[in-house]
**Q** 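I'd like to ask you about the structure that follows.
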Amino acid sequence: MKSSAAVAAIADPPASRPASPAPPPLKHDLRLILRQFQVHGEFVSASPHGSSHINDTYCVVCQQGATRRRYIFQRINHHVFQTPVALMENIQRVTEHLARKVAHLPEPGRHVLTLIPSRDGQSFYRDPHGNYWRAYFFIDKARTYDVIESSQQAFAAAQAFGRFQKMLADLPAPRLHDTIPDFHHTPKRFAALEAALDADVANRAAFAKPEIEFALNNQAMAGVLVRAGLPERVTHNDTKLNNVMLDDATAEGICVIDLDTVMPGLALYDFGDMVRTATSPAQEDERDLTQVRMQFPMFEALVRGYLTTAGEFLTPAEKCFLPFSGKLITFEIGLRFLTDFLAGDTYFKVHRENHNLDRCRTQFKLVESIAGQEDEMNRLVETI
Ligand code: ADP
Ligand code: GN1
Ligand code: MG
């Protein structure tokens, strides 16, 4: 399925079509926010865009003479990202570095996010309510996918994320800021689950007994990558399938987006999250767990695609952990959904009752599916 609003039409509907109900009012006045950025033209419309669990993303349409242009506006969730200024400094450095790397390509602006400066020349605007906003040029003729549709897409996505890591390997010092400290420190994520379980503030532990048991039974895997002595790199850390734009015409992965968590990390955090989000044919919150499974051909395409770009810098140890990283990161995100369910849904946006528990269940089902195929996955990686 395509990300909800990724292909929103901007033209007015033909007069003959029955009028659809007015969309609910937006939480923020995008017309006012738009004025704070160096964008010409008149505000036409704004609509929510994408399927984020954290930030608020909008597509804003502007009239510029005879043309209408789209922009992406985002409100940074500053409860989750508690140092937004440092975060924007990271994004500015990273996008400028990437822009130099892709400058030789035709249409370079489709291969890297381009920040639009605020009226006073900053990379963000802080509104009177304390919200932090940023704006990007809209990348046309490409889209993101919430659920994988083909192994070609898996190959293209992994190739693009590998290229992203490769292009950032020579990012000049200083070290990037940690926008969320210990983001992928799985043992600390496990400890957070134990704390939420002890506190049980929402009295929900009784509703999640099998999931809690699954988490406790699998604790042993939590510390494996932390102890493995792998090299720190500049990584994306949120390589969901829907964080890479695939070109409509060529299906190539043209631009890695959602850069809030770009910071020092392990290459395997990124590969692991690709396995989590690009091998199962089901949505992350699918309630029918029989739909959730790791499809081997998708895994193979991820490995092959990733190695075309990351193969030249990965160490043998990193390669060896590729299959395991998928299981670990899926387990870790499952732990986080379960923790948030127990804590009363304070971190991830939820849209229905037990939403975080449903999400946790798909993750743990996927962990089981990966575990059942791990030997075969390891054999594949050894032969490539
Ligand atoms: P989040 O997931 O935090 O809301 P993203 O940065 O991933 O934010 O953006 C949400 C969605 O908006 C993406 O999945 C993508 O479809 C779309 N999107 C983001 N940036 C752009 C862009 N510059 N051009 C076109 N579409 C974009
Ligand atoms: C969040 O914002 P979004 O949807 O890209 C989360 C990721 C999780 C993901 C699970 C900052 O990502 O870590 O893997 O949800 N981002 C943050 O779908 O916590
Ligand atoms: Mg995203």
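Remember, it's 1-based here, ligands and their atoms both numbered in the order they're listed.
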**Q** When you check the gap from the basic side-chain N to the acidic O, do E332 and R276 get nearer than 4.0 Å?
**A**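 Salt bridge between E332 and R276, a charged N being under 4.0 Å from a carboxylate O: no.
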**Q** Taking distance alone, with no angle check, do Y347 and ligand 2 share an N/O pair under 3.5 Å?
**A**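 In this structure, Y347 places an N or O atom under 3.5 Å from an N or O of ligand 2.
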**Q** Just to check, does R276 reach to within less than 4.0 Å of ligand 2 when the distance is taken from its heavy atoms?
**A**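 The answer is yes: ligand 2 sits under 4.0 Å from a heavy atom of R276.
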**Q** Take the Mg ion (ligand 3) and tell me which protein N, O or S atoms are nearer than 2.8 Å.
**A**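 Per the 2.8 Å query on the Mg ion (ligand 3), atoms found are N243 OD1, D258 OD2.
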**Q** Report the part of N243 in contact with ligand 1, treating N, CA, C, O as backbone and CB onward as side chain, heavy atoms under 4.0 Å; options are side chain, backbone, both, neither.
**A**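 Side chain only.
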**Q** Around atom 16 (N) of ligand 2, find the nearest protein heavy atom and jot down its residue, atom name and distance.
**A** I54 CG1, 3.7 Å
**Q** Would you mind checking if R100 and E96 are paired as a salt bridge, meaning a charged N to carboxylate O distance below 4.0 Å?
**A**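 R100 and E96: not salt-bridged.
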**Q** Quick test of your reading: applying salt bridge (charged side-chain N to carboxylate O under 4.0 Å, His left out), list the pairs with at least one residue in residues 162-179, sequence neighbours left out, ordered by first then second residue.
**A** K101-D170, K166-E312, R175-D178, R175-E232
**Q** For N237, which part has a heavy atom under 4.0 Å from ligand 2: side chain, backbone, both, or neither?
**A** neither
**Q** How far is atom 9 (C) of ligand 2 from its nearest protein heavy atom, and which residue and atom is that?
**A**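 Atom 9 (C) of ligand 2 sits closest to the protein heavy atom K240 NZ, 3.8 Å.
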**Q** With the threshold set at 4.0 Å, does a side-chain nitrogen-carboxylate oxygen contact exist between R143 and D248?
**A** yes
**Q** Just say parallel, tilted or perpendicular for the rings of F299 and F296, cut-offs at 30° and 60°.
**A** tilted
**Q** Around R119, counting heavy atoms of other residues, nucleotides and ligands shown, do more than 12 lie under 6.0 Å from its CZ?
**A**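 More than 12 heavy atoms, drawn from other residues, nucleotides or ligands, come within 6.0 Å of this atom.
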**Q** Take every heavy atom of H53, measure it against each atom of ligand 1, and state whether any distance is under 4.0 Å.
**A**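 Outside the 4.0 Å threshold, so no.
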**Q** Report yes if T261 has an N/O atom closer than 3.5 Å to an N/O atom of ligand 2; otherwise report no.
**A** no
**Q** Partners of F81 by ring pair (Phe, Tyr, Trp, His ring centres under 6.0 Å), sequence neighbours excluded?
**A**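 Per chain and number, F81 pairs via ring pair (Phe, Tyr, Trp, His ring centres under 6.0 Å) with no residue.
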**Q** Taking the basic N atoms (NZ, or NE/NH1/NH2) and the acidic carboxylate oxygens, is any pair closer than 4.0 Å for D127 and R75?
**A**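 R75 and D127: not salt-bridged.
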**Q** Run the contact test for I257 against ligand 1 with a 4.0 Å cut-off on heavy atoms, strictly below, and give the result.
**A** yes
**Q** Could you see which bit of L113 sits under 4.0 Å from ligand 1, with heavy atoms only: side chain, backbone, both or neither?
**A**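 For L113, the contact with ligand 1 is made by the side chain alone.
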**Q** Mind telling me whether F124 and Y132 have parallel, tilted or perpendicular rings, with 30° and 60° as the class edges?
**A** tilted
**Q** Between R359 and D285, is there a salt bridge with N-O shorter than 4.0 Å?
**A** no
**Q** Where on Y269 is there a heavy atom closer than 4.0 Å to ligand 2, on the side chain, on the backbone, on both, or on neither?
**A**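 Answer for Y269: neither.
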**Q** Please determine if D273 has a nitrogen or oxygen closer than 3.5 Å to a nitrogen or oxygen of ligand 2.
**A** no
**Q** Is any side-chain N of the basic residue among D146 and K240 closer than 4.0 Å to the acidic one's carboxylate O?
**A**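 Salt bridge between D146 and K240, a charged N being under 4.0 Å from a carboxylate O: no.
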**Q** Does ligand 2 have any atom that is closer than 4.0 Å to a heavy atom of D260?
**A** no
**Q** side-chain hydrogen bond (donor to acceptor under 3.5 Å, both in side chains) with Q219: which residues, sequence neighbours excluded?
**A** none
**Q** What part of I72, side chain from CB on, backbone N/CA/C/O, both or neither, has a heavy atom under 4.0 Å from ligand 1?
**A**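 Contact part for I72 vs ligand 1: side chain (C-beta onward).
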**Q** Tell me, which protein residue and heavy-atom name are nearest atom 11 (C) of ligand 2, and how many Å apart are they?
**A**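 Ranking protein heavy atoms by distance from atom 11 (C) of ligand 2, first comes F81 CZ, 3.4 Å.
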**Q** Got an N/O contact under 3.5 Å between F138 and ligand 1?
**A** no
**Q** If you measure from each non-hydrogen atom of M245 to ligand 1, which part falls under 4.0 Å: side chain, backbone, both or neither?
**A** side chain
**Q** Does any N/O atom on E284 come nearer than 3.5 Å to any N/O atom on ligand 2?
**A**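 Indeed, backbone or side chain, E284 has an N or O that close.
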**Q** Heavy-atom contacts under 4.0 Å between R143 and ligand 1: side chain, backbone, both, or neither?
**A**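 It is neither; nothing of R143 touches ligand 1.
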**Q** Between D345 and R204, is there a side-chain N and carboxylate O pair less than 4.0 Å apart?
**A**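 Salt bridge between D345 and R204, a charged N being under 4.0 Å from a carboxylate O: yes.
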**Q** Is there any N or O on T144 that sits under 3.5 Å from an N or O of ligand 1?
**A**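 Yes: some nitrogen or oxygen of T144 is under 3.5 Å from one in ligand 1.
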